[in-house]
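Single-structure report; data block below.
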Amino acid sequence: MTIRPELDVPAQGDEGEKMTGATDSVRPGPEPTTTGLLQMRGISKSFGGSRALDGVSIEVEPGSVHALCGANGAGKSTLVKILAGLERADEGEILLDGRRVEVANPRDAADLGLSFIHQELNLVPKFSVLRNMAMGSGHPGRFGILDLRRLRREAKAVQERLGFDIPLDVEVEQLSVSDRWMVSLGRSLMRDARFIAMDEPTASFTDEEASRLMAVIEELTSDGVGILYISHRLDEVLEVSDTITVFRNGQKVATLDSAQTDRQELTTQIVGREVEKLVSRLEAEADETVAETRPVRLSVRNLSRAPRVIGASFDVHEGEIVGIAGLVGAGRTELARLLIGADRATGGTMTLNDAPYAPKSPHEALRAGIALVPEERRSQGLVLTDTVENNLAMAEHGSSPSMRSRFRPKSSRATGQALMERFSVKARSIRDTAHHLSGGNQQKVVVGKYVRTSPGLLVLDEPTVGVDVGARAEIYRIITGLASEGTSVLVISSDFEELAICDRVLVMRGGQLVAEVPASEFDEDHLTALCFGSHESSGTTETEEA
Amino acid sequence: MTTLMENEPTAEAPASKSHYFEWFGRYGALLVLAALIIVTSILAPNTFPTVDNAINILNQSALSAIIAMGLTFVLVTGEFDLSIGNTASLAGVAACWLMVNQDFSIPLALVAILVVGGIVGLINGFVVTFMNVSALVATLGVGTIVIGVNYMISDGAPVALGDPDAFLEITFGRFLGIPYPVYIMLVIAALLWWLLNRTVLGQSMQAVGGNRVAAELSGIRVDRVRVIAFVVCSMCAAVTGFLLASRTGSAAVSAGDTYLLSAFAASFFGSAVLRDGQFHILGTLVGVITVSVGFNSIALIGLETYWQYFFQGLLLILGVGVGTLARRRAAA
Amino acid sequence: MTTLMENEPTAEAPASKSHYFEWFGRYGALLVLAALIIVTSILAPNTFPTVDNAINILNQSALSAIIAMGLTFVLVTGEFDLSIGNTASLAGVAACWLMVNQDFSIPLALVAILVVGGIVGLINGFVVTFMNVSALVATLGVGTIVIGVNYMISDGAPVALGDPDAFLEITFGRFLGIPYPVYIMLVIAALLWWLLNRTVLGQSMQAVGGNRVAAELSGIRVDRVRVIAFVVCSMCAAVTGFLLASRTGSAAVSAGDTYLLSAFAASFFGSAVLRDGQFHILGTLVGVITVSVGFNSIALIGLETYWQYFFQGLLLILGVGVGTLARRRAAA
Amino acid sequence: GGSSSGSDGGDDSYSVGIVRFAPSEVTTEAVINKYTKLAEDEGWEVTTANPDGAVDKAIGAMQDFVQKDVDLIIVSVIESKSLTAGLKSAKAAGIPVASIAGGGADGVTFDLVVSPGTEVPEAMVKNMGGKGRVLALGYKPGLPCQLREDAFNKTVEGTDITVDRQEVLIPGQLESGQKFATTWLAKNPKGSEPLSIWACFDDPAMGAIVAAKQAGRDDVKIYGYDGTPPALKALKEGQLAATAAPDTAGSAQMLFDATPDVIKGGVDAEPKTEEIPFPIITPETLDQYLKDNPGADAS
Ligand SMILES: Nc1ncnc2c1ncn2[C@@H]1O[C@H](COP(=O)(O)OP(=O)(O)OP(=O)(O)O)[C@@H](O)[C@H]1O
Ligand SMILES: Nc1ncnc2c1ncn2[C@@H]1O[C@H](COP(=O)(O)OP(=O)(O)OP(=O)(O)O)[C@@H](O)[C@H]1O
Ligand SMILES: O[C@@H]1[C@@H](O)[C@H](O)OC[C@H]1O
Ligand SMILES: [Mg+2]
Ligand SMILES: [Mg+2]
């Protein structure tokens with residue numbers, strides 16, 4: 001037990017550990033004026049010489065939502081990790097109810113009633129929903145006997161409160177991303193959290209799922225829970241939060257009242273300068289004739305792998321950017337995996353540059369010129385423990401016809417260096433470990449490694465999940481740049497706003513491609529409606545097949 | 001939520017085939033055991049399928065089972081322990097030495113070697129958690145030191161009791177016709193099963209093994225849990241060493257070493273029993289018994305030495321492989 | 001993106017202390033080796049720090065090094081191989097048996113046992129990749145079968161050459177005063193280093209070990225890479241078995257078994273040399289040499305048997321532990 | 001080659017390097033321990049290395065002793081023929097090598113041979129009346145076991161005894177013995193014919209005793225070699241029919257007495273062998289044996 005309240009109030013739930021004597025009022029107590037539930041003051045943290053946080057302070061009131069915004073690598077997650085006892089601050093203090101507390105490890109945080117839903121979902125895949133929710137609860141410091149009936153009762157109660165209804169005995173492995181997220185949240189509520197920090201909860205949610213979460217947050221705040229909310233989805237931040245703190249390069253640059261702020265201002269604060277509004281493909285170089293004038297690169301007919309993909313047919317032309325919209329679980333990832341041979345189709349045909357194309361492995365796909373930037377960069381895109389340099393070289397090795405080929409570290413590094421510059425990857429050096437990079441920069445590395453193989457068709461699955469506004473604009477620029485060089489691009493996204501960069505958007509629902517929306521008719525609400533299967537569309541080609 | 005429900009797996013033709021494979025994946029390892037029993041019963045009808053022989057097999061399984069179930073605890077938390085064989089050897093030698101040279105009674109000696117086992121486990125846990133050395137290296141190193149301690153005590157020579165009768169009774173005594181070691185095995189199995197499945201500690205162990213970071217984040221004292229797993233494991237190894245010594249009333253410096261590989265084999269085999277690669281007590285028990293049945297079959301049928309090895313190797317690969325292959329098919 | 005560049009590392013005060021620990025983390029294992037050499041040089045000034053003894057140590061390291069470097073390949077790809085000791089034993093027996101009973105010449109016997117090693121590796125790889133059995137179980141099973149083959153060939157008795165002189169020459173021949181095995185070790189080390197660090201295959205192996213899913217999606221033929229790693233590993237084990245037989249002009253059924261644990265110890269020790277837990281050829285070589293120096297020191301200084309075990313165990317734990325502890329400090 | 005360093009300048013203080021076999025090898029460990037004691041009492045320097053049964057490590061240890069420039073290297077149990085590399089190094093450096101139970105080879109100038117203990121199978125055949133069935137537990141890789149098995153086979157030859165042979169595992173010798181015996185006993189019920197279990201050393205024999213006890217069988221006579229303390233105890237209780245015991249103290253003394261000559265003889269001396277007597281001990285002769293070898297029981 002390392003919770004050391006500095007004032008003479010016993011730590012909650014722990015009788016055994018008395019005050020560590022030193023309650024001598026040498027240190028000035030907290031100003032009695034503060035009413036905040038949680039305060040972090042003057043927090044600084046460096047990693048091997050680089051400053052992640054530089055004397056930041058933040059305060060969360062009970063029953064309110066305090067949002068934390070900032071570019072990738074601004075230090076948001078680091079702050080949360082310090083609060084969670086995962087990292088130790090070099091300087092600064094944490095106050096709970098105006099009392100100074102010590103959070104040396106996650107256990108302390110849990111004992112203090114602080115709950116966390118971290119950026120990487122932290123569940124045990126092979127555990128059932130119930131067991132995941134029960135994890136870490138139980139009487140601290142005592143090895144109790146499992147009271148399964150009680151736990152089930154409590155879990156049911158939490159589910160009711162959150163308004164979700166996932167069978168408690170299903171393995172978490174089997175759940176969709178948003179359901180997993182609810183399980184995480186449920187775990188926090190199993191132990192009467194007074195404070196919950198959420199690090200990019202909606203990153204891979206659809207709008208529908210996000211609004212479901214908003215409702216839950218409302219319910220929690222009305223019970224007096226304080227929430228620290230981190231997200232790159234600025235509209236959502238403005239909607240859900242009461243206060244917004246913006247970090248830039250480890251420093252606090254502003255605290256804004258959500259009600260008096262707009263997206264424009266928030267963006268400027270985050271990036272430090274004005275960012276042009278996301279330019280839609282239409283406005284920029286509107287060229288709806290691409291499809292007619294350019295040769296077809298990939299042609300897909302009746303591609304199937306039941307039950308997730310059923311009879312998909314479409315064409316992608318040279319230099320064209322095609323989007324695929326859909327709800328989570330619509331089967332888009334599965335479709336992408338079929339295109340690169342990560343899974344085998346059970347029916348249908350493909351032609352690539354007019355030649356039959358039936359990849360049996362990602363290797364064959366890459367050799368033929370089709371690459372997939374997978375949706376989970378940490379688990380599927382990167383070797384986190386390896387250098388940026390080696391990560392950037394991976395797909396080139398994978399596309400090499402012979403494994404006996406020479407590997408030339410010098411030229412490989414030079415190529416990697418050039419890619420880093422081209423995509424402005426921010427890292428200490430090319431020898432830096434991928435693990436140390438912020439999310440946006442990691443994503444750029446993944447895109448970079450595939451671009452290095454000069455694919456004719458690049459498939460990107462959720463390319464900007466967890467990427468900040470600035471870096472997001474850069475990734476769009478990379479995508480449009482590639483297209484203008486003749487590369488065909490397929491963008492899968494649940495963030496319909498970004499599908500504006502596409503020449504054409506296909507809509508997938510229940511494993512089938514159900515509609516095609518040209519850039520001229522692009523409209524987010526319209527897309528959403530299509531994804532849900534409402535048919536009040538105008539002029540869109542409904543391709544109801546199979 | 002509702003949106004996702006649309007996409008439910010549709011009950012289609014391929015589903016039934018995949019269900020079939022799923023069933024096979026679950027029961028594949030048990031099927032291997034069943035096949036073994038049936039074939040041997042046919043080949044050796046008078047000697048194999050008898051109550052006596054069944055008791056025999058259980059009795060032969062007891063010591064291996066105890067050490068393997070302990071190892072299972074460590075494996076469940078995602079660690080390794082290469083020192084168990086050495087710990088078992090040390091326990092036997094220490095027990096006999098204490099009874100011979102320090103006039104310890106049997107129960108007192110048992111308590112003492114449980115303490116010894118516990119200390120070895122603590123050291124393993126300390127080196128792994130505090131020094132952050134990978135469990136493989138740590139337990140290989142600690143195991144080597146344990147051999148040294150063993151050597152220091154015994155000087156390499158076997159330690160034998162002057163009047164071993166009471167001690168031998170632990171191995172040879174019977175209750176209702178069933179030897180004590182079988183009861184000891186079953187009691188320990190029940191205890192460990194309960195610990196792993198019905199206590200917060202056990203759940204925490206499984207959580208740590210399933211996703212260490214997640215466990216840490218949810219407030220589980222990961223290091224403590226890992227240390228406890230090592231302690232349980234070493235204590236089980238110590239019990240095996242103790243029982244081993246009670247077979248002959250004496251202990252040799254490397255008597256327990258062979259249990260290392262057999263315990264691993266049993267645990268890994270067991271992880272394919274009813275589960276998809278997760279370690280569990282029941283599975284380990286089945287693993288140990290399968291190996292014993294296999295050995296018993298070979299000996300009863302009477303095969304050349306090299307056949308014995310072929311057979312054991314195949315048993316291991318097939319027992320695990322059948323299940324995983326079937327699961328893969330089920331998933332495909 | 002100019003704005004993002006602002007966050008460059010700033011050289012600050014706390015960095016120096018952490019740099020110190022970083023240095024220690026990198027060189028910790030080497031320091032342990034250095035300390036060992038210095039202490040022994042002081043305790044045995046006439047016998048230890050001599051050119052002769054250095055050659056002696058290298059010569060003793062050769063066989064362990066070859067098998068351990070092969071194992072390193074498998075570890076690099078994130079797998080395990082528990083069959084190497086058995087494969088080495090089989091290689092020795094097979095080589096002698098072929099020379100005695102089939103009149104194979106030495107080079108032909110070498111080729112034959114390389115093929116044998118390759119086949120064992122292929123089987124390991126097949127069971128692991130195709131049958132999807134965890135490498136631990138698979139190689140334990142295959143290793144057991146390899147023992148069976150060994151018994152089938154030799155019937156358990158040692159196989160000795162009638163006229164071993166030419167064969168012995170492989171071990172005893174010297175060039176420029178340095179025994180052939182040292183050259184063999186160095187050539188194989190260079191080859192394996194080159195394979196791992198200067199070919200697409202080697203880079204692919206490291207990627208597979210780092211993140212199998214990411215490697216697969218990067219187009220790397222993961223299964224093929226894993227199988228190749230097993231094959232390289234088994235072939236190295238076979239070479240060690242061959243050289244072992246040439247040390248004695250005969251081969252015993254379990255002569256190579258002891259290499260298993262020592263190869264693991266060396267590889268894991270090596271993963272702490274200059275690296276942060278990644279396996280690499282140079283590290284493994286340092287690991288093997290550290291163990292040899294340790295063994296040599298003991299023999300020259302002369303310690304009680306139990307001290308020898310203490311010493312070896314501590315060496316392993318400290319060699320790895322010092323580095324990881326320091327790295328942990330550096331990160332904190 | 002020039003012999004040793006400063007030690008042989010007239011005074012009889014020698015430096016001896018001993019390569020043990022493995023902790024599990026009880027008999028030779030006892031010989032080595034006693035030899036060490038005798039030598040150190042005499043003021044000699046004794047260094048031991050423990051190769052844990054590995055031939056390669058044993059060779060390494062011999063080479064290390066060459067570096068150390070000892071006056072004599074003693075190797076135990078490991079077949080001398082398989083130590084060629086070490087023997088060559090020693091010979092080149094002019095250091096003589098003595099072996100305990102490893103057999104002769106080029107470079108070995110003194111060999112303490114363990115006799116095959118033929119009395120044990122002879123007693124067995126006699127007890128069985130020349131007919132019946134025997135479970136033979138052998139161990140081919142070990143030279144002493146191989147010799148004993150040869151003697152056993154020769155003795156059984158021409159009798160009406162059927163032999164079922166199994167190969168024992170080391171380590172794991174006791175378990176092997178127990179498991180093989182358990183099933184063999186199940187296959188051969190009481191009263192079918194005279195039954196015996198013969199093991200080439202005491203550990204598997206002890207395993208067989210455990211198996212017999214568990215099966216409640218007192219009709220099977222069990223034989224072993226080495227005279228380990230548990231075996232002597234089993235002999236006393238009548239569970240073991242016979243074992244053979246080398247006189248470890250006597251052997252150590254023999255080796256100790258021979259040491260100066262072996263060293264003086266150098267590497268080119270005519271190889272000498274001394275046989276370690278390996279007399280049979282039966283329940284009847286046990287008391288006499290214990291009287292002659294005080295401490296054999298407790299050590
Ligand atoms: N363990 C670590 N070692 C070294 N540097 C680190 C470590 N963790 C974080 N950093 C660095 O600290 C800085 C802040 O990272 P942090 O993860 O807090 O950013 P973030 O604001 O959460 O970004 P994102 O929006 O991408 O999640 C980054 O520059 C990152 O590279
Ligand atoms: N009905 C379902 N049953 C089981 N799992 C599902 C189901 N629906 C969705 N999932 C889970 O959701 C994840 C996404 O599914 P899939 O990849 O097929 O859809 P997607 O359209 O690519 O979704 P996304 O929008 O996340 O890219 C899968 O990992 C799957 O585990
Ligand atoms: O004592 C035994 C010895 O006689 C035999 O030859 O090998 C195994 C040894 O343990
Ligand atoms: Mg973050
Ligand atoms: Mg997806």
Side-chain angles (χ1 to χ4, degrees), chain A residues 46-52 71-74 88 90 248-250 271-273 340 342 361-367 371-372 374 379-386 390-391 393-400 402-409 412 424 426 428 440-441 446 449-450 453 470-471 474, chain C residues 1-19 21-22 25 76 78 194-225 227-229 271 275-279 327 329-332:
Chain A
S46 299
F47 290 106
S50 79
R51 271 248 140 115
N72 291 124
R88 257 182 178 288
D90 301 334
R248 203 188 308 146
N249 296 330
V271 184
R273 60 179 166 78
I340 62 147
S361 66
H363 174 72
E364 287 186 14
L366 218 53
R367 304 264 308 124
L372 167 69
S379 64
Q380 303 175 329
L382 293 167
V383 179
L384 286 168
T385 50
D386 211 342
N390 288 345
N391 273 290
M394 238 161 97
E396 185 163 282
H397 299 317
S399 64
S400 162
S402 159
M403 290 201 272
R404 270 166 297 160
S405 325
R406 226 11 237 284
F407 165 65
R408 293 170 206 279
S412 172
S424 358
K426 198 208 95 193
R428 271 189 270 175
N441 285 298
V446 180
K449 81 170 181 187
Y450 286 110
T453 66
E474 281 182 75
Chain C
M1 248 335 244
T2 44
T3 49
L4 285 171
M5 292 299 171
E6 288 172 54
N7 217 5
E8 286 286 76
T10 32
E12 277 171 297
S16 72
K17 197 170 141 209
S18 114
H19 270 311
F21 277 118
E22 237 172 81
V76 161
W194 184 82
L195 204 58
L196 203 55
N197 297 291
R198 289 291 178 272
T199 67
V200 167
L201 173 66
Q203 296 296 303
S204 302
M205 283 179 172
Q206 301 191 31
V208 171
N211 183 344
R212 201 197 296 171
V213 178
E216 174 103 53
L217 289 175
S218 296
I220 291 169
R221 284 165 282 189
V222 171
D223 282 353
R224 193 180 296 191
V225 166
V227 171
I228 293 174
S271 73
R275 302 283 175 95
D276 184 6
Q278 291 141 281
F279 300 98
R327 266 193 295 278
R329 281 286 150 79

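Every chain is numbered from 1, with letters handed out A, B, ... down the list of sequences.
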- [ ] State which residue, out of Val200(C), Leu201(C), Ile220(C), fulfils the side-chain contact (heavy atoms from CB on, under 4.5 Å) condition with Ser400(A).
- [x] Val200(C)
TODO: Tell me, for Ser402(A) versus chain C, whether the close heavy atoms (under 4.5 Å) come from the side chain, the backbone, both or neither.
DONE: backbone
Open item on the list: Looking at every non-hydrogen atom in both residues, tell me the closest pair between Leu366(A) and Ser218(C) and how far apart they are.
Closed with: CD2-O, 3.1 Å
TODO: Please round to the nearest 0.5 Å and tell me the distance separating atom CE of Met403(A) and atom CZ of Arg221(C).
DONE: 5.0 Å
TODO: Name the option with the most non-hydrogen atom pairs under 4.5 Å to chain C; the candidates are Leu382(A), Thr385(A), Asp386(A).
DONE: Leu382(A)
Open item on the list: Let me confirm one number: the NE2-CD distance from His363(A) to Glu216(C), rounded to the nearest 0.5 Å.
Closed with: 11.5 Å
TODO: Specify which of Ala365(A), Ser412(A), Gly440(A), Ser379(A) makes the most heavy-atom pairs with chain C at under 4.5 Å.
DONE: Ser379(A)
Open item on the list: Counting only heavy atoms from other residues, nucleotides and ligands, does the tally under 6.0 Å from CZ of Arg404(A) exceed 12?
Closed with: no
Open item on the list: Tell me the closest heavy-atom pair linking Gly381(A) and Ala214(C), and the distance in Å.
Closed with: C-CB, 3.8 Å
Task: Over all atoms of both residues, closest heavy-atom pair of Gln380(A) and Val213(C) - done: CG-CG1, 4.0 Å
Task: Side chain, backbone, both or neither of Ile228(C) within contact of chain A (heavy atoms, under 4.5 Å) - done: side chain
Task: Partner of Gln203(C) by side-chain contact (heavy atoms from CB on, under 4.5 Å), out of Met394(A), His397(A), Glu396(A) - done: His397(A)
